[in-house]
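Only one structure is covered here, and it is reproduced in the block below.
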Amino acid sequence: MPKKFVVTPWEVSGEIDYEKLIREFGVKPLDDKILTRLEKNAGELHYFLKRRIFFAHTYFDTILDQFEKGNKFYLYTGRAPSGPVHLGHLVPWMFCKWLQDKFDVNLLFQIPDEEKFLFNESLTFDDTKKWAMENILDIIAVGFNPKKTKIFLDTEYAKTMYKHACRISKKITFSTAKSTFGFNDSNNLGEIFYTCMQSVPAFLPTILEGKPTYCLIPCAIDQQPHFFLTNDVAPKLGYPKAATILSRFLPGLQGMHQEGKMSSSVEATTIYATESPQQVRSKIMKYAFSGGRETIEKHRKLGGNPDVDISYQYLTYLLEDSNRLKQVYNDYKSGKLLTGELKEFAAEVINKFLKEHQMKREKAIGMVEKFMLRD
Ligand code: TRP
């Protein structure tokens, strides 16, 4: 029997069958044809695309149509501030930066502080504000162009957003929201309304430019249900449909089958953006789910399984050198590379990446105001 998995904006669990998810959601795979077209326009393909870490889309072809006609699009993504940023969050943002650089386009970065306030019993607005300001440092550290990037907290940009959220909410029935998100009688009213706030930035390009302007949303696939609603509404309000380009989830250290995606609230098996090299190394040594055999003798003889090995999975996200990655894969599979050695190498690659991130995060402290959009 195929195992059950759940993917909604509020829950991601189980071993995800991404092919099946594409069919269930009715999104499109990023196939060779569209990747070739993207490559032609961007000049190259990010390794996230070659490795199918970004693997699906909706309406991405219309973005390319527009771009090929000389029409610039906007990028839009977001981060709900409920805790520290971890490696899994940085993945779509790194891809977003790549798109911004390649296409030289504007980016709207939403920080829906009310989302986490509404959905999390224990978070106050003081907490979400504190996390927002911390998270913004990580966002800026990714290297977005300050001239072309605007970051806003919903509660600080509400004067502009609220009117449009109301226009959107008027076009979505409770029944549609229930069937999209599985709401029931115990959800609070704010939770039900929230999706309208997440739709607004998809229309802001057109609102800000004063002419039809397309929007591309790079995000993990759990956010797609919001944008189904966005696109139900778009034609009713006379806006172009929003396009999405969708990523898989970075698993927690114990692997997707044990604990699902990496999650800020599970400290032991999450690698935070601000973690020290010692902490990273020790977490990987202790917790990273291994595809190795029980004994060194067996491993040498039979080889390991890189496909389930978390250290190897992390390398697919962070090691750009594809030849080196392939070599690691083959050496682990043949038994030449031992689990301890693979873990050391993964820790080294992650620490190199984080060292740079943390340096840029320090520098970001003085740059926040350049990015902020407020009413
Ligand atoms: N809901 C997202 C979260 O829980 C935050 C978010 C807001 C977002 N707007 C977005 C994510 C657009 C991706 C794209 O983190």
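In each ligand, atom 1 is the first atom listed, and ligand 1 is the first ligand listed. Just so you know, these numbers use all the heavy atoms, side chains as well, and skip hydrogens, waters and symmetry mates.
Using a 4.0 Å cut-off between charged nitrogen and carboxylate oxygen, D32 and K50 do not count as a salt-bridge pair. No salt bridge links K130 with D126; every basic N to acidic carboxylate O contact stays at or beyond 4.0 Å. Note on E356 versus K352: no salt bridge recorded, every NZ/NE/NH1/NH2 to OD/OE distance being 4.0 Å or above. The residues K171 and D232 are annotated as not salt-bridged, no charged nitrogen and carboxylate oxygen being separated by less than 4.0 angstrom. Ion pairing between a basic and an acidic side chain is recognised when a charged N comes within 4.0 Å of a carboxylate O; E344 and R281 show such pairing. A salt bridge between K116 and D127 is absent, with no side-chain N of the basic residue lying under 4.0 Å from a carboxylate O of the acidic one. Salt-bridge annotation for D104 and K72: present, with a side-chain N of the basic residue lying under 4.0 Å from a carboxylate O of the acidic one.
Checked against a 3.5 angstrom limit, the closest N/O atoms of H226 and ligand 1 fall outside it. Checked by distance only, ligand 1 and Y76 come closer than 3.5 Å through their nitrogen or oxygen atoms. In terms of polar-atom proximity, F227 is not counted as a contact of ligand 1, lacking any N or O under 3.5 Å from an N or O of the ligand. On a distance-only criterion, K116 and ligand 1 share no N/O pair closer than 3.5 Å.
Shortest contact from atom 7 (C) of ligand 1 to any protein heavy atom: Q110 OE1, 3.2 Å. Annotation: atom 15 (O) of ligand 1 to nearest protein heavy atom, A80 N, 3.2 Å. Regarding atom 2 (C) of ligand 1, its nearest protein heavy-atom neighbour is Q223 OE1, 3.4 Å. Nearest non-hydrogen protein atom to atom 11 (C) of ligand 1 is G78 O, 3.4 Å.
Contact analysis puts P112 in contact with ligand 1, with a non-hydrogen atom separation below 4.0 angstrom. In this structure, F119 does not count as a contact residue of ligand 1, since none of its heavy atoms falls inside 4.0 Å of the ligand. Assignment of Y194 to the shell around ligand 1 is supported, since a heavy atom sits closer than 4.0 Å.
Figure legend: R79 and F109 shown without cation-pi pairing, the cationic atom not lying both under 6.0 angstrom from the six-membered ring centre and within 45 degrees of its axis.
The ligand atoms of ligand 1 that sit less than 4.0 angstrom from a heavy atom of C219 are 13 (C), 14 (C). For ligand 1 and E115, the ligand atoms under 4.0 Å from any heavy atom of the residue are 1 (N), 2 (C), 3 (C), 4 (O), 5 (C). For ligand 1, the atoms lying closer than 4.0 Å to a non-hydrogen atom of I217 are 14 (C).
Taking the six-membered ring for Trp and the full ring otherwise, the centers of H226 and W10 sit less than 6.0 Å from each other.
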